[in-house]
Amino acid sequence: MARANEQAAAALQEYAELFALTGGDAFRVRSYQKAAKAIAGHPEDISATDVRAVPGVGEAIAKKMEEFLQRGSFRQLDDLRGRVPEGVRRLTRVPSLGPKTAITLFEEFGIDSPAALGEAIAAGRLDGVKGLGPKTLANLAKGVEQLEQSGRRVHIGVAMALAEQVMASLTAERVAYAGSLRRMKDTIGDIDILAVAPVSVMEEFRAQPYVAEVIAAGDKKTSVRTTSGIQVDLRVVPAGSWGAAMQYFTGSKEHNVAIREMAVKKGWKLSEYGLFEGERVIAAESEEDIYAALGMQFVPPPMREDGGEVRAALRGELPEPVRLEDLLGDLHTHTDLTDGIASLEDMVAAAHARGYSYYAVTDHAPDLAMQRMTLDKALEQRERLAKLQRSYPGMRLLHGTELNIAPDGSVDWPADVLREFDVCVASVHSHFGMPRDEMTRRFIAACENPYVGIIGHPTTRKIGKREPVDADWDAVFRAAARTGTAMEIDSYPDRSDLPADLVRLARHHGVKFSIDSDSHAIPHLAHQRFGVGIAQRAWLTTDDVINTWPLERLLAFLRP
DNA sequence: GCCGTTTTCGGCCCGACTGTTTTCAGTCG
């Protein structure tokens, strides 16, 4: 995805939020949001083409975007930023707190941040206020607490985009990211970048426009806080110690402790500069050399969590984790027939360009009323897909649907409709707060539907925004294994759902998985790499992942 | 602010849930 698109879309999205907070017309807010979404998902770089070509962008938004491309902001955005404190914007991050309440809290009570809201509630300053009863206040207090707990961590999509931007901005012989980002954790606290470069790279780094504050500036390490609030550490390392430095700074700390203990037992010393026997260098230039010298298999970064990988690697029993290139297709994607922004034809063309053997289109079904889906529309799409199939002899197009799992576990359509789809993904989209036992029954009922092949984004969490639902996952996974229902690893980075610990648990029960992008735009197709990271963290092999399987095996699995 | 086999103004994805209210506002997907 072009960086200019992302940044321009983020500015427009921010403007939409601020516009709503200042009481702006709701339809205009929606226009801005819609345009922001379309720009972010537009395959062409808007700094190189006319932004008016993006659907939902008219003259007024185009002017704003052109000004943004010129100078990194636009006048109306500057105005509103000056009028609304940053903390008031963060108020709307509190679940169930929207723009109307946020602006009231600010204007009438001077509450200008989630923390201030927490204090006001605790002090009883909002008791008896019209529209804010005791339950609402209790909910808001809980929401504030959740928000504070999630801290400054960001999801991997945000961190990866920033890391790639930083790496592209530096002049270096060699540059890479390490740390929890390289281990593909779903949330990232700060970003570690390693470089082989002259010391002048530090000055170049500090002068970048994304740097808001320099925290520490030295020859070997520079730390900055970026404009997005994320800390980035840049370390310059000697070329000869590259592997040792990557190994050391990738972590995890626990993994490194285990590795270093092994080195000590052999009378050696492992540091960020290399593996040494006294003064003699045993290995330092590559990570592979270091692991080999220690008599163990190379451990892929996502598996470096001291979760048994050291022992397995010493015995040569480390499984070969699934790789991005093992995926033969994507089984959960959307088009503009529901809430995607790209047409069926464009999505399929983009999927073909990625070299897939098969590709499923799974737009929403009628129970999600806002999507205005009907059976007629679905059948019409099936015909279009069948016609399109003729143009793609090497890629099998699968007609699927993303069903909605109702509170009782039922889905949108009866059996005679479901059986005609190639792929039925079923997901929870509402009633997130059901009690644990009811939620468990809900998932089990969905698994027991013979036509449901995949449970989509099972926990429904959104990182930093919505907590996972509560269910007895052991019971759900047992049902999934028994009924041959795959659990999805939804690769959309703010979902990252299932998370790795639950994937491990599910695998233990014998569950299979589908690593899907849940794409709503062409650039989202590439998000599968994040799902592969989750799968690697959970030690999944190709045998565990149904969309690495050849078409015939996949279809046999999905068929009731 | 965008858009048009509704064509330059008047619509704009619709419905449900929650907590508040006594008929509704705000939020969410």
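Distances shown here put a side-chain N or O of A/R30 below 4.0 Å from the OP1 or OP2 atom of B/dC13. Dashed line: the shortest gap from a side-chain N or O of A/T338 to OP1 or OP2 of B/dC13 is not under 4.0 Å. Contact annotation: A/N139 side-chain N/O to B/dT18 OP1/OP2 distance is not under 4.0 Å. Within the 4.0 Å cut-off from OP1 or OP2 of B/dC3, not a single side-chain nitrogen or oxygen of A/K34 is found. Residue A/R372 places at least one side-chain N or O closer than 4.0 Å to OP1 or OP2 of B/dC14. Dashed line: the shortest gap from a side-chain N or O of A/H431 to OP1 or OP2 of B/dA16 is not under 4.0 Å.
Aromatic pair A/H429/A/H364: centroids less than 6.0 angstrom apart. Centroid-to-centroid, the aromatic rings of A/Y492 and A/F530 stay 6.0 Å apart or farther. Checked against a 6.0 Å centroid threshold, the rings of A/Y32 and A/F19 count as neighbours.
Distance A/Q371 CD to B/dA16 C1': 15 Å, rounded to the nearest Å. To the nearest angstrom, C1' of B/dT20 lies 10 Å from CG of A/L132. A/E467 has its CD atom 15 Å from the P atom of B/dC28, to the nearest Å. Atom CG in A/L97 sits about 18 Å away from atom P in B/dA25, given to the nearest Å. One can place CZ of A/R52 at 10 Å from P of B/dC2, the figure rounded to the nearest angstrom. Taking atom OH on A/Y15 and atom C1' on B/dG1, their separation rounds to 10 Å, with Å as the unit. Rounded to a whole Å, the CG atom of A/D494 is 11 Å from the P atom of B/dG29. The CG atom of A/D127 sits 12 Å away from the P atom of B/dT20 (whole-angstrom rounding).
At the heavy-atom level, A/R466 lies under 4.0 Å from the strands shown only through sugar-phosphate atoms. Within the 4.0 angstrom heavy-atom criterion, only backbone atoms of the sugar-phosphate kind lie near A/E59; the bases stay farther away. No contact: A/K63 has no heavy atom under 4.0 Å from any strand. Contact annotation for A/T136: backbone-only contact, meaning every heavy-atom pair under 4.0 Å involves sugar-phosphate atoms and none involves a base. Counting non-hydrogen atoms under 4.0 angstrom, A/I61 reaches the backbone sugars and phosphates but no base.
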- [ ] Please test A/R461 against A/D497 for salt bridge (Lys or Arg N to Asp or Glu O under 4.0 Å), starting from the C-alpha separation and ending with a verdict.
- [x] CA-CA 7 Å; A/R461 71 165 178 171; A/D497 186 10; 5.3 Å; no

TODO: Kindly indicate, with the supporting measurements, whether the criterion side-chain contact (heavy atoms from CB on, under 4.5 Å) is fulfilled by A/R81 and A/E14.
DONE: CA-CA 9 Å; A/R81 275 178 176 161; A/E14 181 187 349; 2.8 Å; yes

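The nucleotide whose nearest atom lies closest to any side-chain atom of A/H429 is, among B/dG19, B/dG29, B/dG1, B/dG29. Listed candidates were B/dG19, B/dT27, B/dG1. Nearest to the side chain of A/T101 is B/dT27.
Between A/G98 and A/L137, the residue whose closest nucleotide on DNA chain B is further toward the 5' end is A/L137. Each of A/S430 and A/V54 was matched to the nucleotide of DNA chain B holding its nearest heavy atom; the match closer to the 5' end belongs to A/V54.
Side-chain N/O atoms of A/D363 and A/Q381 include a donor and acceptor closer than 3.5 Å.
Spacing of C1' atoms, B/dT20 relative to B/dT27, comes out at 13 Å, to the nearest Å. The gap from the P atom of B/dA16 to that of B/dG10 amounts to 30 Å, rounded to the nearest Å. Atom name P, nucleotides B/dC14 and B/dT6: the rounded distance is 16 Å, in whole Å. On the P atoms, B/dC13 is 12 Å away from B/dC3, given to the nearest whole Å. With both ends at atom P, the span from B/dG11 to B/dT18 equals 32 Å, rounded to whole Å. Comparing the P positions of B/dT22 and B/dC28 gives a spacing of 24 Å, expressed to the nearest Å.
Nucleotide B/dT8: unpaired (no Watson-Crick or G-U wobble partner with both distances less than 3.5 Å).
Not a single donor-acceptor pair under 3.5 Å links the side chain of A/T92 to the backbone N or O of A/V88.
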